[in-house]
Structures are given as C-alpha cells and as structure tokens.
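What follows is a single structure, written as structure tokens, with notes after it.
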Amino acid sequence: MGERVYLHFNWDNAARHGLIDARREGSRMVGKYINLSDPSVTRPWIGLIVNEERIDGRWPAGRLDFRR
C-alpha cells in the first residue's frame, strides 16, 4: 500500500504467525516485526529488497529473510 509494506508469514508448521510492518525507502525497508501469536512481542526490523524474489532482513535476534 503506497510506501507501506506488510509481510505476513508463519512458522512452526503454521502454528505461529508474524507480521512485518515496514516503510519502503527505495530498496530499503524500515519497520517492525510483530508476533501475531503474542502481539505484545514487537521488535525493530530492517530489510533490503535484493530482487523480486528475495528480501534480506535483520532484527535483534539475527536474520529474518523472505524468499518466494
């Protein structure tokens, strides 16, 4: 939506869900990770759009990347 990017994802066999809410700045993305299974857990997140199939991301616990 405009400059905003929302990435919904799951892990642990889809038992847990998360959301990246970020603002796009060219090929960079700056925002936060929200644990939808426990919304009190939010962390900063930054990403780099490498190409249409790959976003490399970082958050305080390490890497949080996305691939198609």
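Heavy atoms only: backbone and side chains are in, while hydrogens, waters and symmetry mates are out. These numbers were taken from a predicted model, which means no experiment stands behind them.
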- Message: Just so I know, are the side chains of Arg63 and Arg58 near enough to count as touching, which here means a heavy-atom distance under 4.5 Å?
- Response: yes

- Message: Quick check on the hydrophobic clustering: are Tyr6 and Val30 connected, directly or via other members, by side-chain heavy-atom contacts under 4.5 Å?
- Response: no

- Which pairs, with at least one residue in residues 17-36 and sequence neighbours excluded, count as a ring pair (Phe, Tyr, Trp, His ring centres under 6.0 Å)? His8-His17, Tyr33-Trp59

- Message: Quick check for you: to the nearest 0.5 Å, what is the distance between Ile46 atom CD1 and Asp56 atom CG?
- Response: 10.5 Å

- If you look only at pairs with a residue in residues 23-35, which of them pass as a salt bridge (charged side-chain N to carboxylate O under 4.0 Å, His left out), with sequence neighbours excluded? Arg23-Glu25

- Task: Count the heavy atoms of every other residue, nucleotide or ligand shown that sit under 6.0 Å from CZ of Arg68, and state whether that count exceeds 12.
- Result: no

- Message: Please find the pair of heavy atoms, one from Ser37 and one from Ala15, that lie closest to each other, and give the distance.
- Response: OG-O, 4.1 Å

- Task: Give the C-alpha distance, both sets of side-chain angles, the deciding distance and a yes or no for side-chain contact (heavy atoms from CB on, under 4.5 Å) between Ile49 and Val5.
- Result: CA-CA 11 Å; Ile49 300 169; Val5 177; 6.0 Å; no

- Value for CD1 (Ile55) from CG (Asp65), rounded to nearest 0.5 Å, stands at 9.5 Å

- Note on the structure: Value for CZ (Arg16) from CG (Asn35), rounded to nearest 0.5 Å, stands at 5.5 Å

- Which pairs count as side-chain hydrogen bond (donor to acceptor under 3.5 Å, both in side chains) when at least one residue sits in residues 40-52, sequence neighbours excluded? Asp38-Ser40

- Message: Quick check for you: to the nearest 0.5 Å, what is the distance between Leu7 atom CG and Leu64 atom CG?
- Response: 9.0 Å

- So CG of Leu48 and CE of Met29: to nearest 0.5 Å the spacing works out to 10.0 Å

- Quick one: CG on Leu19 to CZ on Phe9, what's the gap to the nearest 0.5 Å? 7.5 Å

